[in-house]
Amino acid sequence: MARRALIVGAGIGGLAAGRVLREKGFEVRILERAPRLEPLGAGISLWPNAVRALKRIGVGEMASAVSIPDPDPGIRNRNGKLLARTNPAAIQERFGAPILLLHRANLQHELLADGIGDLVQTGVEVAGISEEGTRVIARTSGDEAFEADLVVGADGIHSTVRAELLADGPPRHSGLLAYRGIVEHPGFDIRWGEYWGAGCIFGVVPIDAGRIYWFATRRTEGGEPPEENPIPGLLGRFEGWAPEIRSVIAATPPHAVLRHDLFDRRPDGRWTSGSVALLGDAAHPMLPFLGQGACQALEDAVALGTALGEAEDVPEALRSYQAARRPRASRIVEESRRFGRLSHLRSAPARAVRDRILALTPESVRMRRLAGIVGAMP
């Protein structure tokens, strides 16, 4: 009789785990609290480690993805002067895969293919988890009970499974607020990458032939009420920056702008208990400044499958999964937070020193640092 796996959450990590566990012979069910699977989110960058993980998961080349077309993408100052170049061709040559850019919904579509969508049950909110011998019981807010040999909590930064497993409270606020949007390519020249200013950044990348994805982050005390129309405030905040930034903002319909506070967690010492495991943001939520949130969730899914393929005993396999993944993910959580602090400096002298160091750092040094993030095979 096939072992049963219950995955809580049908985001990128949950769907990837579903593909991997089905391949390992599990009978998989994925529970999603949203009433339906809709194309949510905005743009996403998949670095070489994620591209390699997707191939391991069984998702090949994605026709909807694009590579960075600009010969000089990278980090710029607020006026558009290039400080540190990102060399896509060199990254692909060194790490064996490109950087891909696409809409998050397109990645979701790819992961739902091959019958995975049939395994998802929407409108089901898990309210509690209990272990009874070697079995795990997930109880829903509707008083249903699901029994499994393995439960994977892939239910995001405010994970119910994590709360049941660790009871470690809410995630920590980063002091940063993010805006994201997608707009039809406005038809003027855009320099791809990130622009860094005083306490805020702006990034813009293509996600297909006709659309661009932009994001902006700024410091906040938290608890700010949402704006009915965020466009005027954004235009004011980026007054005096490179002209393409304000043009991109002005071309975005107000209803197309997503706004949210940014959170992460201090890496915890435990991701598993018995036959229950955490994955992705439920295990190690991180700030977006290295572009590794979804990438690390995909690595988690591959590592989970590997561990379960090497051990018949589920708790033993989950301990191996945790041991394999926790040091790397924890380091990237802290590195993402450090990079967030660096990119949001307010002091003009500190920013001048930072920008000078960025401009003088050789590409070979930047590539060595990048190797620790995107070079490790999942």
(request) Output yes when E132 and R139 qualify as a salt bridge under the 4.0 Å nitrogen-oxygen rule, no when they do not. (result) yes
(message) For a 4.5 angstrom cut-off between non-hydrogen side-chain atoms, does P35 reach T122?
(response) no
(request) Considering non-hydrogen atoms only, spot the tightest contact between P285 and V333 and give its length. (result) O-CG2, 3.9 Å
(message) To the nearest 0.5 Å, what is the distance between OG on S330 and CZ on R266?
(response) 13.0 Å
(message) Return the CD1 to CG distance between I75 and N77, rounded to the nearest 0.5 Å.
(response) 11.5 Å
(request) Could you tell me whether E27 and R3 have a side-chain N and a carboxylate O separated by less than 4.0 Å? (result) no
(request) State, yes or no, whether a side-chain contact exists between L6 and V152 at a heavy-atom distance under 4.5 Å. (result) no
(request) Give a yes or no on whether the ring-centroid distance for F339 and W196 is below 6.0 angstrom. (result) yes
(request) For L262 and L177, run side chain to side chain contact (heavy atoms under 4.5 Å, CB included): C-alpha distance rounded to whole Å, both residues' side-chain angles, the deciding distance at 0.1 Å, then the answer. (result) CA-CA 6 Å; L262 296 177; L177 179 67; over 6 Å; no
(message) Does this structure show an ion pair linking E244 with R191, if we count only N-O contacts that are shorter than 4.0 Å?
(response) yes
(request) Report yes if the distance between the aromatic ring centroids of Y179 and F215 is under 6.0 Å, otherwise no. (result) no
(request) Please check if atom NE2 in H109 has more than 12 non-hydrogen atoms from other residues, nucleotides or ligands closer than 6.0 Å. (result) no
(request) For residues I231 and I249, report the shortest heavy-atom separation together with the two atoms involved. (result) CD1-O, 3.7 Å
(message) Less than 4.0 angstrom from a charged side-chain N to a carboxylate O is my criterion; do E335 and R338 meet it?
(response) yes
(message) Closer than 4.0 angstrom, basic N to acidic O: yes or no for R259 and E227?
(response) yes
(request) State whether a side-chain donor-acceptor pair under 3.5 Å links H344 with R218. (result) no
(request) Indicate the atoms forming the closest heavy-atom contact of I30 with G14, along with that distance. (result) CD1-O, 4.1 Å
(request) Using the side chain to side chain contact (heavy atoms under 4.5 Å, CB included) rule, take L37 and V120 through it: C-alpha gap first, then chi angles, then the decisive distance, then the call. (result) CA-CA 9 Å; L37 288 180; V120 180; 3.8 Å; yes
(request) Nearest 0.5 Å please: distance from the CG atom of L287 over to the CZ atom of F263. (result) 10.5 Å
(message) What I'd like to find out is whether the side chain of D149 reaches to under 4.5 Å of the side chain of R135, using heavy atoms alone.
(response) yes
(message) Side chains of R219 and R346, heavy atoms from C-beta outward: is any pair under 4.5 Å?
(response) yes
(message) Less than 4.0 angstrom from a charged side-chain N to a carboxylate O is my criterion; do E239 and R246 meet it?
(response) yes
(request) Determine whether the aromatic ring centres of F202 and W214 lie less than 6.0 Å apart. (result) yes
(message) Rounded at 0.5 Å granularity, tell me how far CG in L21 sits from CZ in R29.
(response) 15.0 Å
(request) Please name the pair of heavy atoms, one in L15 and one in I116, separated by the smallest distance, quoted to 0.1 Å. (result) CD2-CG2, 4.1 Å
(message) Around atom CZ of R331, are there more than 12 heavy atoms from other residues, nucleotides or ligands closer than 6.0 Å?
(response) yes
(request) Please name the residue in the list V205, I12, N106, L100 that meets the side chain to side chain contact (heavy atoms under 4.5 Å, CB included) test with I44. (result) I12
(request) Using a strict 4.0 Å threshold on nitrogen-to-oxygen distance, state whether E184 and R211 make a salt bridge. (result) no
(request) Determine whether Q292 and N49 make a side-chain contact, defined as any pair of heavy atoms from C-beta on separated by less than 4.5 Å. (result) yes
(request) Report yes if some heavy atom in the side chain of W271 is under 4.5 Å from a heavy atom in the side chain of L165; otherwise report no. (result) no
(message) Just verifying a value: how many Å separate H103 NE2 and I182 CD1, rounded to the nearest 0.5 Å?
(response) 3.5 Å
(request) For residues V59 and E110, determine if any side-chain heavy atom of one lies less than 4.5 Å from a side-chain heavy atom of the other. (result) yes
(message) Is there a side chain to side chain contact (heavy atoms under 4.5 Å, CB included) between C295 and E299? Walk through the geometry before answering.
(response) CA-CA 6 Å; C295 301; E299 285 194 20; 5.7 Å; no
(message) Salt bridge or not between E310 and K24? Use side-chain N to carboxylate O under 4.0 Å.
(response) no
(message) If I compare all heavy atoms of D155 with all of V161, which pair ends up nearest, and what's the gap?
(response) OD2-N, 3.2 Å
(message) Are more than 12 heavy atoms, taken from residues, nucleotides or ligands other than E224, located less than 6.0 Å from that residue's CD atom?
(response) yes
(request) Evaluate the side chain to side chain contact (heavy atoms under 4.5 Å, CB included) criterion for residues W47 and L370: first the C-alpha distance (whole Å), next the side-chain angles of each, then the deciding distance (0.1 Å), finally the verdict. (result) CA-CA 10 Å; W47 287 78; L370 190 60; 4.0 Å; yes
(message) Strictly below 4.0 Å, N to O, side chains only: are D168 and R265 in salt-bridge contact?
(response) yes
(request) Check whether any side-chain heavy atom of V136 sits under 4.5 Å from a side-chain heavy atom of S130, and report yes or no. (result) no
(message) For the backbone of L31 and the side chain of Q121, can you confirm whether one donor and one acceptor N or O come within less than 3.5 Å of each other?
(response) no
(request) Working to the nearest 0.5 Å, report the span between OG of S174 and CE of M286. (result) 14.0 Å
(request) Using side chain to side chain contact (heavy atoms under 4.5 Å, CB included) as the criterion, point out the one residue from L278, D300, D264 that pairs with H284. (result) D300
